[in-house]
Enquirer: 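The structure follows.
Lettering follows sequence order; numbering is per chain, from 1.
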Amino acid sequence: MTATATSSISAAHDPDAAAARCVGLVKHYDDVKAVDGLDLEVRRGECFGLLGPNGAGKTTTVEILEGLIRPDAGRVELLGRQWGGQKDQWLRERVGIQLQQTDLADKLTVEETVRLFRSFYPSGRSVADTLELLGLRAKRGARVHKLSGGQKQRLALACALVSEPELLFLDEPTTGLDPQARHRIWDVVETFGAGGGSVVLTTHYMEEAARLCDRVAIVDRGRIIAQGAPEALVAELDAEQIVQLRVDGELDAEALRDLPGVTHVEKNGGDLFRLGVASVGEALPAILGVIEAKSVALQTMTTKQPSLEDVFIHLTGRKLRDE
Amino acid sequence: MSRSGSVRHPLVELTLARLREFGRERGAIFWTFGFPVLLAVGLGIAFRSKPPPQVRVAVVGQGPEIVSTMERLHRAEGIKPLRLSAAEATGALRSGKVDIIVEVAPPRAAASDPKGAEPGPPRLVYRFDTLQPESRYARLLVDDALQRALGRQDVMKADHRPVSARGSRYIDFLIPGLIGLNVMSSSMWGIGYAVVLARRRRLLKRLAATPMRRSHYLLSFMFSRIVFLAAEVALLVAFGWLVFGVAVRGSLLAVTVISLLGSLSFMGLALLVAARPDSTEVASGWMNAAMLPMWLLSGSFFSYERFPESVQPFLKALPLTAFNDALRGVINDGASLWQTWPSLVVLAAWGVCCFGLALKLFRWQ
Ligand SMILES: Nc1ncnc2c1ncn2[C@@H]1O[C@H](COP(=O)(O)OP(=O)(O)OP(=O)(O)O)[C@@H](O)[C@H]1O
Ligand SMILES: [Mg+2]
């Protein structure tokens with residue numbers, strides 16, 4: 001009895017315990033499998049990204065980790081502890097959360113809102129410092145309903161950071177923002193990471209994931225279909241270049257698949273092809289040869305370095321065609 | 001883990017947030033403070049105590065007797081005679097313009113004695129609806145006036161002693177009823193609507209993700225309500241007293257205690273209604289469903305004793321009825337707090353049951 005209690009407490013203080021870990025998560029809504037057997041581990045001090053199309057189950061996964069949704073099956077551990085019982089308070093004090101969608105109280109000002117959230121935590125940053133950090137000092141007297149979308153997102157982040165959490169959950173923190181506002185938020189997340197904090201982030205922006213995340217997981221239909229450092233995932237494509245071409249006329253993807261140097265082919269829309277190419281020198285003449293043989297007209301052709309976006313399209317695109 | 005100077009207790013911050021949110025909502029201020037006062041003014045003026053209305057009498061017939069009859073009626077107090085033709089009089093009676101028709105026929109003596117030295121009294125016929133209280137009252141008044149004018153004497157001596165109408169006017173009845181309605185409406189809307197809106201906007205979920213104690217959140221609603229409650233009740237009591245002379249005959253402390261208990265009871269009801277819905281439309285529907293019967297049945301505007309005997313126990317079990325009864329007891333009848341205990345028990349029972357159930361059912365997301 002005593003031994004178990006002691007060991008669980010020492011585990012909680014174990015600095016090597018993962019920031020977040022879940023095994024075999026399942027969550028069903030009626031007949032929708034929102035999360036369908038999902039495992040992941042977020043290391044201390046790491047920024048971990050969840051990428052995936054709409055409805056993939058990212059928000060559901062994150063909210064299960066946050067202890068806001070009870071999973072149908074599976075185990076969750078945060079900072080070495082599990083949700084449920086007396087320890088929730090301990091966890092809540094160490095976890096900062098930004099929900100995908102929250103409307104904070106309209107009639108309160110920015111400063112009043114942050115002050116309110118600060119009062120829930122026994123320790124943390126001062127309200128003034130938090131506003132400074134998020135660049136909201138000039139807006140501190142403004143009512144929430146008068147803020148722009150980007151300012152609202154920063155306020156939500158301020159409410160999550162005012163407690164100086166060890167682990168930060170961000171669900172699409174920059175969706176709908178202009179590039180400048182997005183960069184401001186990235187800076188804040190990077191500062192938080194530089195201070196040793198762990199982050200779990202969901203996003204639709206590959207650029208965001210590539211810049212912020214040490215590792216990403218690509219989620220589709222409630223499962224993780226690929227996982228790793230962004231560069232490693234890109235490398236796994238085995239493609240040195242991505243060739244994109246648009247043709248006028250009938251051309252089958254199969255005709256391009258077995259060409260030398262081509263690692264994969266996707267047909268997007270009627271006449272747009274994306275090819276992963278291991279060696280441009282080998283592949284290009286072959287591609288042009290096929291186009292000529294099939295007597296279709298080449299309209300445009302571009303080549304570029306592969307990115308996380310190509311991994312995403314490659315993985316989810318292939319899945320979609322399998323149906 | 002020590003709190004730095006500028007960090008206040010979460011209960012304080014939450015209550016301040018409530019007060020600010022409410023205070024910055026101009027519409028809410030009007031409906032809580034302006035509307036009940038306007039209602040009191042409107043109803044107080046419409047139903048102010050007036051001297052009994054004049055009895056309107058149509059006088060029909062021919063001959064000199066009609067002139068003397070008109071004169072006698074003119075001289076009597078509270079009677080307004082009108083000389084009309086038979087057809088006009090019938091129409092006026094039907095439409096309620098007059099309460100009674102007095103038909104004057106020449107005295108019989110004049111017909112039998114052509115010399116006619118001194119004409120006898122005229123013969124009268126009263127035409128009126130015997131089911132109309134006003135008409136029956138008119139009949140008594142008119143007959144009494146005419147008989148007395150011709151010399152009828154009282155056979156028994158009786159004196160009049162008018163009793164002061166203070167405390168029994170309609171406005172005296174109305175002011176406690178309006179306080180009851182106002183405490184109910186503002187507690188229900190102030191809490192129920194705000195909670196459901198916060199749930200719909202996922203603010204509740206966001207708060208549930210912090211270490212905030214959930215009881216603090218609910219308590220902050222109560223504390224902020226109590227601040228406004230004090231202002232609401234004080235305003236109506238002061239207004240009734242200054243403008244209409246409605247005195248609080250019992251103690252102000254009793255009024256305070258009853259208001260507090262009533263408000264807590266309605267807050268419990270509000271939390272129960274708001275425990276689950278995440279759409280404000282659905283919540284408004286439930287809120288109205290809970291409040292409308294009490295608006296009608298709990299005796300705020302007119303006494304519930306007019307309803308059939310058999311439903312009275314149910315009406316008395318409603319929290320607003322209990323609240324109105326207790327408040328009227330103290331304000332109008334000068335009852336002490338303990339004399340109103342049956343009402344207080346009803347209020348406390350509603351409060352405890354609703355709170356308990358609401359806490360069990362409450363959804364944070
Ligand atoms: N409360 C709910 N009731 C019913 N179905 C739900 C509920 N929440 C989520 N779902 C369903 O579960 C699936 C996963 O939803 P989730 O919100 O986790 O996706 P997501 O990856 O976050 O999508 P997005 O990128 O659009 O935010 C979706 O099909 C969604 O319709
Ligand atoms: Mg989502």
Side-chain angles (χ1 to χ4, degrees), chain A residues 59 62-63 65-70 83 86-109 111-130 143-146 152 155-156 159-160 162-163 165 167-169 171, chain B residues 1-29 190-191 193-221 223-224 228 278-280 362-365:
Chain A
T59 297
V62 167
E63 290 188 354
L65 293 179
E66 291 164 349
L68 294 174
I69 298 180
R70 207 176 274 275
W83 287 111
Q86 256 71 2
K87 298 192 195 100
D88 281 9
Q89 197 76 1
W90 188 92
L91 273 176
R92 295 252 169 260
E93 285 169 8
R94 283 159 182 80
V95 172
I97 283 174
Q98 183 196 25
L99 299 173
Q100 182 169 357
Q101 205 186 15
T102 314
D103 295 317
L104 296 161
D106 267 349
K107 301 280 172 187
L108 297 185
T109 67
E111 186 173 4
E112 287 162 357
T113 305
V114 177
R115 195 172 292 286
L116 176 66
F117 275 85
R118 175 64 186 84
S119 76
F120 301 146
Y121 297 90
S123 64
R125 217 178 242 109
S126 78
V127 173
D129 288 353
T130 310
R143 301 265 174 97
V144 170
H145 65 111
K146 295 211 172 119
K152 276 188 187 151
L155 176 58
C159 295
V162 73
S163 60
L167 172 59
L168 183 62
F169 287 98
D171 198 352
Chain B
M1 286 283 182
S2 75
R3 287 168 192 282
S4 77
S6 69
V7 179
R8 284 188 287 243
H9 192 274
L11 197 46
V12 175
E13 283 291 347
L14 281 165
T15 306
L16 278 175
R18 293 276 83 73
L19 291 173
R20 285 172 179 140
E21 277 185 87
F22 187 82
R24 288 169 188 174
E25 196 87 60
R26 258 183 237 149
I29 297 286
I191 291 192
Y193 199 79
V195 167
V196 174
L197 197 64
R199 183 181 296 117
R200 201 196 69 199
R201 305 176 59 165
R202 315 207 186 187
L203 188 53
L204 281 190
K205 188 177 188 172
R206 180 65 187 87
L207 291 174
T210 70
M212 178 193 77
R213 280 178 191 280
R214 297 175 180 205
S215 55
H216 284 172
Y217 184 70
L218 300 181
L219 279 175
S220 75
F221 274 102
F223 288 161
S224 65
F228 284 103
D278 59 2
S279 126
T280 46
F362 202 86
R363 265 201 317 162
W364 286 86
Q365 40 180 300

Enquirer: Hey, which of B:R202, B:E21, B:R20, B:R201 has the most heavy atom pairs under 4.5 Å with chain A?
Expert: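 Highest number of heavy-atom pairs under 4.5 Å: B:R201.
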Enquirer: Quick one: of A:T113, A:D103, A:L108, who has the most non-hydrogen atom pairs under 4.5 Å with chain B?
Expert: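 Of the candidates given, the most pairs with chain B belong to A:D103.
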Enquirer: Among residues at least two apart in sequence or on other chains, which ones pass side chain to side chain donor-acceptor pair (under 3.5 Å) with A:D88?
Expert: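 For A:D88 there are no side chain to side chain donor-acceptor pair (under 3.5 Å) partners, ignoring immediate neighbours.
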Enquirer: Shorter than 4.5 Å, heavy atoms on both sides: which option in B:T210, B:L16, B:L203 has the most such pairs with chain A?
Expert: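 Counting heavy-atom pairs under 4.5 Å, the top option is B:T210.
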Enquirer: Hey, does the Lys NZ or Arg CZ of A:R92 hover above the aromatic six-ring of A:F120, less than 6.0 Å from the centre and inside 45° of the axis?
Expert: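 Output no; distance or angle outside limits.
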Enquirer: Kindly determine whether B:Y217 and B:F221 satisfy ring pair (Phe, Tyr, Trp, His ring centres under 6.0 Å), including the steps that lead there.
Expert: CA-CA 7 Å; B:Y217 184 70; B:F221 274 102; 5.2 Å; yes
Enquirer: Is A:S126 in contact with chain B via its backbone, its side chain, both, or neither, using a 4.5 Å heavy-atom distance?
Expert: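 For A:S126, there is no contact with chain B at all, as no heavy atom is under 4.5 Å.
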Enquirer: Is there side-chain contact between B:P10 and B:R213, with heavy atoms separated by less than 4.5 Å?
Expert: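 Sidechains of B:R213 and B:P10: no contact.
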Enquirer: Heavy-atom distance under 4.5 Å to chain B: side chain of A:E66, backbone, both or neither?
Expert: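 A:E66 has no heavy atom closer than 4.5 Å to chain B.
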Enquirer: Using a 4.5 angstrom heavy-atom cutoff, name the option from B:E25, B:M212, B:R206 with the most pairs to chain A.
Expert: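 Highest number of pairs under 4.5 Å: B:R206.
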Enquirer: Run the salt-bridge test on B:R8 and B:E13 with the 4.0 Å N-O cut-off and return the result as yes or no.
Expert: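 Yes.
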Enquirer: Would you say the side chain of B:L19 lies within less than 4.5 Å of the side chain of B:F223, judging by non-hydrogen atoms?
Expert: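 In short, these two side chains do not touch, never coming nearer than 4.5 Å.
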Enquirer: Under 4.5 Å from any heavy atom of chain B, what part of A:F117 do you find: side chain, backbone, both or neither?
Expert: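 The answer is the side chain of A:F117.
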